[in-house]
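Residues take their numbers from the sequence shown, with the count starting at 1. Computation of the quantities below employed the complete heavy-atom set of this structure, encompassing side-chain atoms and omitting hydrogens, waters and symmetry-equivalent molecules.
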Amino acid sequence: MKKVNYLLLLLAVGMLFIASCGKNGAPGPQGPTGPQGPTGAAGATGSAGATGAKGATGATGSANVIYSAWTTPSTWTKDTIFSVFHFYANIAATKITQAILDQGTVIVYGKLDGYTATIWPTDQVSALPIVVTYEEGTTVYTDTWSSLVTPGNIKIDFVNDLNLYNGISNAHQFRYIIIPGATLTAAARTHINLNDYNQVKMAFHLPD
């Protein structure tokens, strides 16, 4: 009986010792961080999205100029000034205003297909005034084509220095381009030669 009591006493003392250590003992130091685990495999690439709807075609730019179609004057009027024959024709141009003449410019181009190709190549275009010099036999002739631009109208004038002509061919064609002030300034900055029809046509996207 005494042996049992002795064992119980030892057990009680041991439990008190353990409880005392659990309540009052300082916590141990934190252990070192473990090594990083291996990187996981990349996920599968998602499927491509559907192609978006095609946008509407944009409008053709006008480059802020106004241009006419090629025009063949139907009527030429003959006039005599100081014994020199003048032939002139009027082309209506309602878009030409005084503001355009004050701040912008109007260029008139000629395609003088009324001449033979040896004098003026077919479909060659130049800005007026145009001076054409040619020879027949031993005589040299000079033709001058010019234009007078006023609000709403362009007057084409033809003169031969020796009064050679009695009429004008209906194969000659003319067109005009109206360039407002702001566009004219931009053209000057880009060094467009307004007398070069091909340069102007490309710069302002003109149809033939």
Side-chain angles (χ1 to χ4, degrees), residues 57-77 79 81 84-135 140-161 164-165 168-208:
T57 302
T60 302
S62 65
N64 296 320
V65 301
I66 300 170
Y67 51 86
S68 72
W70 285 103
T71 301
T72 301
S74 57
T75 303
W76 291 88
T77 301
D79 197 4
I81 302 175
V84 177
F85 296 161
H86 287 254
F87 295 86
Y88 66 88
N90 290 305
I91 300 174
T94 58
K95 298 292 185 180
I96 299 176
T97 63
Q98 189 61 50
I100 288 291
L101 297 178
D102 291 341
Q103 302 172 15
T105 192
V106 179
I107 309 169
V108 182
Y109 296 96
K111 188 188 295 185
L112 307 180
D113 290 344
Y115 290 106
T116 62
T118 55
I119 296 176
W120 187 270
T122 303
D123 291 334
Q124 176 175 295
V125 179
S126 291
L128 273 61
I130 298 172
V131 177
V132 181
T133 301
Y134 54 97
E135 185 174 346
V140 177
Y141 297 93
T142 299
D143 294 347
T144 302
W145 300 83
S146 59
S147 62
L148 175 63
V149 180
T150 56
N153 189 73
I154 295 173
K155 180 180 179 180
I156 307 295
D157 183 80
F158 169 83
V159 173
N160 171 263
D161 64 331
L164 176 65
Y165 293 89
I168 300 296
S169 168
N170 62 2
H172 301 300
Q173 300 179 67
F174 304 90
R175 83 181 306 183
Y176 61 86
I177 299 173
I178 301 171
I179 307 178
T183 304
L184 180 62
T185 301
R189 284 199 298 265
T190 55
H191 305 292
I192 298 172
N193 181 1
L194 299 180
N195 290 318
D196 187 323
Y197 179 70
N198 288 323
Q199 280 192 34
V200 172
K201 185 172 68 171
M202 292 180 62
F204 298 124
H205 312 293
L206 304 182
D208 285 325

How are the rings of W76 and W145 set to each other: parallel, tilted or perpendicular (split at 30° and 60°)?
perpendicular
Hey, are the side chains of S147 and I156 touching, using non-hydrogen atoms and a 4.5 Å cut-off?
yes
If we only count heavy atoms from C-beta on, is the N153 to I96 side-chain gap below 4.5 Å?
no
So which heavy atom on F174 is nearest to which on P73, and how close?
CD1-CD, 3.9 Å
If we only count heavy atoms from C-beta on, is the Y109 to V200 side-chain gap below 4.5 Å?
yes
Does any part of the side chain of V159, heavy atoms only, come nearer than 4.5 Å to the side chain of I81, both counted from C-beta?
no
To the nearest 0.5 Å, how far apart are OG1 in T150 and CG in L101?
7.5 Å
Consider side-chain contact (heavy atoms from CB on, under 4.5 Å). Of D157, V149, V108, which one does L128 pass it with?
V108
Spatial distance of atom NE2 (H205) from atom OH (Y67) [nearest 0.5 Å]
10.5 Å
Taking all heavy atoms of A127 and all of N195, pick out the closest pair and write down the distance.
CB-OD1, 3.6 Å
Is the side chain of Q199 donor-acceptor paired with the backbone N or O of N193 at a distance under 3.5 Å, no angle test?
yes
I need the minimum non-hydrogen distance between P180 and I100, along with the two atoms involved.
CA-CD1, 4.1 Å
For K201, give me all partners under salt bridge (charged side-chain N to carboxylate O under 4.0 Å, His left out), at least two apart in sequence or on another chain.
D208
Indicate yes or no for a side-chain donor-acceptor contact from R175 to the backbone of A69 under 3.5 Å, with no hydrogens or angles considered.
no
Please report the interatomic distance CD1(I91) to OG1(T71), rounded to the nearest 0.5 Å.
5.0 Å
For Y115, what residues pass the ring-ring contact (aromatic ring centres under 6.0 Å, His included) criterion, not counting sequence neighbours?
H172
Roughly how far, to the nearest 0.5 Å, is CD1 of I154 from CD1 of I178?
7.0 Å
Please tell me if the side chains of Y134 and T116 come closer than 4.5 Å, counting only heavy atoms from C-beta onward.
no
For D123 and D113 the tightest heavy-atom approach is N-OD1, 2.9 Å
Check S126 against W120 and note the closest heavy-atom contact, atom names and distance.
OG-CH2, 3.6 Å
Residue pair S169 / G114: nearest heavy atoms and the distance that separates them
OG-CA, 3.6 Å
So CD1 of I179 and CG of L194: to nearest 0.5 Å the spacing works out to 5.0 Å
Measuring from atom NE2 of H86 to atom CZ of F158, what distance do you get when rounded to the nearest 0.5 angstrom?
10.5 Å
